[in-house]
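Owing to the predicted nature of the structure, the values given are computational and were not obtained by experimental measurement. All chains are named by letter (A, B, ...) in the order of the sequence lines, taking the proteins before the strands, and each is independently numbered beginning at 1.
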Protein chains: 2
Amino acid sequence: MSAPRLRHRAHAQKAPTIFDVAARAGVSKSTVSNVIRGAPTVAPELRTRVQEAIDTLGYRPNGLARQLVQARSTTIGVVVGDFRNQFFSEMAVALERAASRRGYGVMLCNSEGEPDRELEGIERLLEHRVAGILMATSGAGDRAEKVLDMRCPMVFICDGVDWCDLVSVEDSAGTLLATEHLAMLGHRRLVYLSNPSIEPVTARARLEGFCTGAAGAAEVVLTGDLEAGKARIGNKSHDLGALVRRRRITGIVCVNDSTALEVLDHLEREGLAVPEDVSVVGFDDIPTAGLARISLTTVAQPVPALAEDAVRLLCGRIDGSLKGEPKVVRHQVSLVERGTTAPPKGAHYA
Amino acid sequence: MSAPRLRHRAHAQKAPTIFDVAARAGVSKSTVSNVIRGAPTVAPELRTRVQEAIDTLGYRPNGLARQLVQARSTTIGVVVGDFRNQFFSEMAVALERAASRRGYGVMLCNSEGEPDRELEGIERLLEHRVAGILMATSGAGDRAEKVLDMRCPMVFICDGVDWCDLVSVEDSAGTLLATEHLAMLGHRRLVYLSNPSIEPVTARARLEGFCTGAAGAAEVVLTGDLEAGKARIGNKSHDLGALVRRRRITGIVCVNDSTALEVLDHLEREGLAVPEDVSVVGFDDIPTAGLARISLTTVAQPVPALAEDAVRLLCGRIDGSLKGEPKVVRHQVSLVERGTTAPPKGAHYA
DNA sequence: ATGAAAGCGCTAACAG
DNA sequence: CTGTTAGCGCTTTCAT
């Protein structure tokens with residue numbers, strides 16, 4: 001039952017240093033340092049005396065000073081493309097967990113897709129002398145190369161770089177899976193929708209998977225981008241609904257879930273029913289895709305495994321156990337069949 | 001058309017220091033330091049010479065060393081409750097933006113609701129001597145108080161602490177709005193569903209708003225928690241569908257969108273239609289709530305404004321321009337009417 | 001206007 | 001086993 005008003009104190013102006021602890025315990029700084037780092041060569045009696053001083057003073061070692069002298073940081077920088085895409089926030093969490101398991105903290109930069117902020121973020125990470133950098137952005141590879149100039153170990157996640165370690169998925173296998181699923185269901189008139197902000201190498205791979213899958217099975221095959229809510233095919237923009245009706249499209253494969261969700265929205269706002277009129281497949285399997293009302297059929301990426309591998313590679317580069325040519329690790333993907341895909345009703349457009 | 005294999009280089013083992021730059025430019029470290037910090041008292045000729053050395057060496061000042069000597073950091077720590085709740089990831093982004101506008105970088109900790117990881121994160125932030133800490137968790141206040149012991153300025157966001165600066169919203173006004181909306185639509189049999197992980201003060205405020213709104217208008221008023229997919233009312237667990245049918249509930253107010261989404265899922269999986277059979281209202285207005293297929297009626301929080309104020313307050317504490325008693329800033333909320341609420345169909349259960 | 005020197009708080013040899 | 005010492009890379013007086 002303490003009086004709330006009395007609980008507030010201004011924050012302490014100056015944190016106690018290792019010297020203060022030493023003085024209070026009547027020992028030297030080194031002894032305190034030994035206690036902190038758990039060195040075995042400290043007399044139990046002293047150890048408890050020092051520990052007491054630490055507790056009463058509320059001492060915390062200054063990580064900055066430690067890292068400065070050790071010339072190594074226990075912080076990993078993570079730059080993420082856009083947090084509002086759930087795939088990236090899931091990835092950020094997974095990376096943080098994986099890093100934490102290996103004793104690293106994470107310093108996060110969110111570029112929101114703006115190259116300026118991205119480079120700014122990298123600069124900041126570099127100035128903080130992070131031990132390494134994890135890039136989970138889409139398409140930052142080339143920009144990052146210039147800035148980083150390999151001044152610090154880094155690994156990319158789901159990007160298309162070839163000059164740096166990379167952990168990614170079998171992109172083309174994924175869209176192939178998606179397209180085959182549609183073909184198997186009986187769809188013959190397909191469109192593939194990408195997104196201009198997707199990194200080119202990934203974009204190409206996913207497109208290829210779709211084309212391969214569509215090649216044998218489909219009569220009509222359109223590919224383009226979803227831009228400002230419209231489908232851009234070649235150099236024309238179409239309303240999604242109009243495009244589907246005019247070309248009698250029955251299946252749409254999207255480059256990712258975020259795009260698929262947008263497609264879903266437009267389709268239904270324009271009076272088309274999913275999956276009755278059109279089937280839609282995504283890529284990523286973000287949590288929203290699993291909601292009953294969304295129930296998006298999609299290609300799942302193993303986010304925790306990707307994160308784990310990325311951190312493992314980075315740690316290898318950091319401690320020098322991994323050296324030489326850039327490594328590429330590719331994970332498998334799997335199709336999650338949900339409610340946005342069904343056999344086409346050819347009769348519908350009669 | 002460079003050969004990809006040749007582009008890879010191992011990362012440099014040792015970053016150049018201010019001393020290297022000084023040597024290469026034939027000046028002293030101080031001059032280099034002056035150039036870096038844009039001190040006015042440097043001869044133009046020297047300035048360019050130093051700048052050249054910096055560029056060719058790819059020199060970046062060591063932020064650790066700088067912060068150590070300046071005894072102040074340009075990094076703010078942010079600890080976030082659970083990233084997988086979109087409200088928090090939106091908040092994290094907003095905080096990062098707001099901090100960045102004021103020249104601060106952000107070091108992020110994600111506690112995933114686990115108190116241990118949360119405290120661990122705070123410890124790490126403290127060791128890194130962050131300039132201040134932003135807590136966007138739910139219910140970490142009391143735990144944090146012990147650990148922090150006010151060793152560093154901090155501001156809470158949407159928590160219920162009374163011993164520290166806080167920026168939050170008019171919680172009870174929000175649920176009141178939601179409940180009145182339901183009442184206005186004609187609902188008389190209401191339940192309120194909270195979540196055990198919500199911070200107690202916030203939880204109480206939102207509950208109060210609901211109770212106030214329901215007091216005059218409703219015949220049946222139930223309140224409880226959504227736990228493991230079941231509604232816990234008093235000390236009994238009920239399947240959501242069964243509860244709604246048995247007590248002829250027509251309106252559900254949820255403590256947040258994340259809970260509302262879950263409620264929606266269960267309801268519809270148990271054969272109830274929303275909003276035909278039951279209306280559902282959330283709180284937060286996360287992006288998913290706005291999707292056409294979800295279209296959740298909810299109470300919107302002004303996330304960017306909350307973030308901006310939190311950072312402003314924190315900066316005030318950091319630079320000393322703000323002192324004294326804990327400040328509380330409360331923002332208004334607003335109802336966003338969407339598709340999960342409609343007038344009740346009393347006849348339905350006849 | 002520029003350089004020399006004294007630390008920031010810590011660790012890591014090395015003496016005692 | 002404990003204390004002394006020499007820096008880590010930088011900023012910041014203070015002389016020059």
Under 4.0 angstrom between A:Thr17 side-chain N/O and C:dG9 OP1 or OP2
no

Of C:dT11, D:dT12, C:dA1, the nucleotide closest to the side chain of A:Ile18 is C:dT11

Considering only side-chain heavy atoms of B:Thr41, which listed nucleotide, D:dA6, D:dT2, C:dA1, is closest?
C:dA1

Minimum-distance nucleotide to B:Val27 side chain [options: D:dA6, C:dG3, D:dT2]
C:dG3

Would you kindly give the CG-to-C1' distance between A:Asn34 and C:dT11, to the nearest whole Å?
9 Å

Looking at C:dG3, I'd like to know if its phosphate oxygens (OP1 or OP2) sit under 4.0 Å from a side-chain N or O belonging to B:Thr31.
yes

Checking contacts here: which listed nucleotide (D:dC10, D:dT2, C:dA12) is nearest the side-chain heavy atoms of A:Val42?
D:dT2

Between C:dC8, D:dG3, C:dT11, which nucleotide gets closest to the side-chain atoms of B:Leu68?
C:dC8

Distance check needed: C:dC10 C1' versus A:Ile36 CD1, whole Å only.
9 Å

Please lay out, stage by stage, how B:Gln51 and B:Thr48 fare under the test side chain to side chain donor-acceptor pair (under 3.5 Å).
CA-CA 5 Å; B:Gln51 191 56 54; B:Thr48 56; over 6 Å; no

For the student: nearest non-hydrogen atoms of B:Ala99 and B:Ile76, plus distance:
CB-CD1, 4.4 Å

Set out, in order, the CA-CA distance, both residues' side-chain angles and the distance that settles side chain to side chain contact (heavy atoms under 4.5 Å, CB included) for A:Ser100 and B:Glu120, then state yes or no.
CA-CA 10 Å; A:Ser100 166; B:Glu120 219 178 281; 4.1 Å; yes

Would one find a side-chain N or O of A:Gln70 under 4.0 angstrom from OP1 or OP2 of C:dA12?
yes

Partner of B:Leu125 under side-chain contact (heavy atoms from CB on, under 4.5 Å), chosen from B:Leu108, B:Val78, B:Val79, B:Leu134:
B:Val79

Rounded to whole Å, CZ of A:Arg49 lies from C1' of D:dG3 at a distance of 14 Å

Side-chain ion pair, A:Glu308 and A:Arg101, N-O less than 4.0 Å:
yes

Which residue lies toward the 5' end of DNA chain C, B:Ser28 or B:Ala65, if each is placed at its nearest nucleotide?
B:Ser28

Per atom distances to the B:Arg37 side chain, the nearest of D:dT12, D:dA6, D:dG3 is D:dT12

How many whole angstroms separate atom CG of B:Leu64 from atom C1' of D:dT11?
15 Å

Between C1' of D:dC10 and CZ of A:Arg129, the distance in whole Å
11 Å

Counting only side-chain heavy atoms from C-beta out, which of C:dC10, D:dT12, D:dC10 sits nearest to A:Pro61?
C:dC10

Look at all strands and tell whether A:Leu46 reaches a base, only sugar-phosphate, or nothing, counting heavy atoms closer than 4.0 Å.
sugar-phosphate

Residue mapping more 5' on DNA chain C - nearest nucleotide basis, B:Ala43 or A:Lys29
B:Ala43

Nearest to the A:Val69 side chain among D:dT12, C:dT2, C:dC10, which nucleotide is it?
C:dC10

By the 4.0 Å heavy-atom rule, please label A:Ala71 as base, sugar-phosphate, or nothing.
nothing

Take the protein atom CZ of A:Arg66 and the nucleotide atom C1' of D:dC8, then report the distance between them rounded to whole Å.
14 Å

Nearest heavy atoms of B:Ala310 and B:Val155, plus distance in Å
O-CG2, 3.9 Å

Does D:dT11 have OP1 or OP2 under 4.0 Å away from a side-chain N or O of B:Ser33?
yes

For B:Asn62 and D:dT11, give me the distance from atom CG to atom P, rounded to whole Å.
9 Å

Atom NE2 of B:His128 and atom C1' of C:dG9 are separated, to the nearest Å, by 15 Å

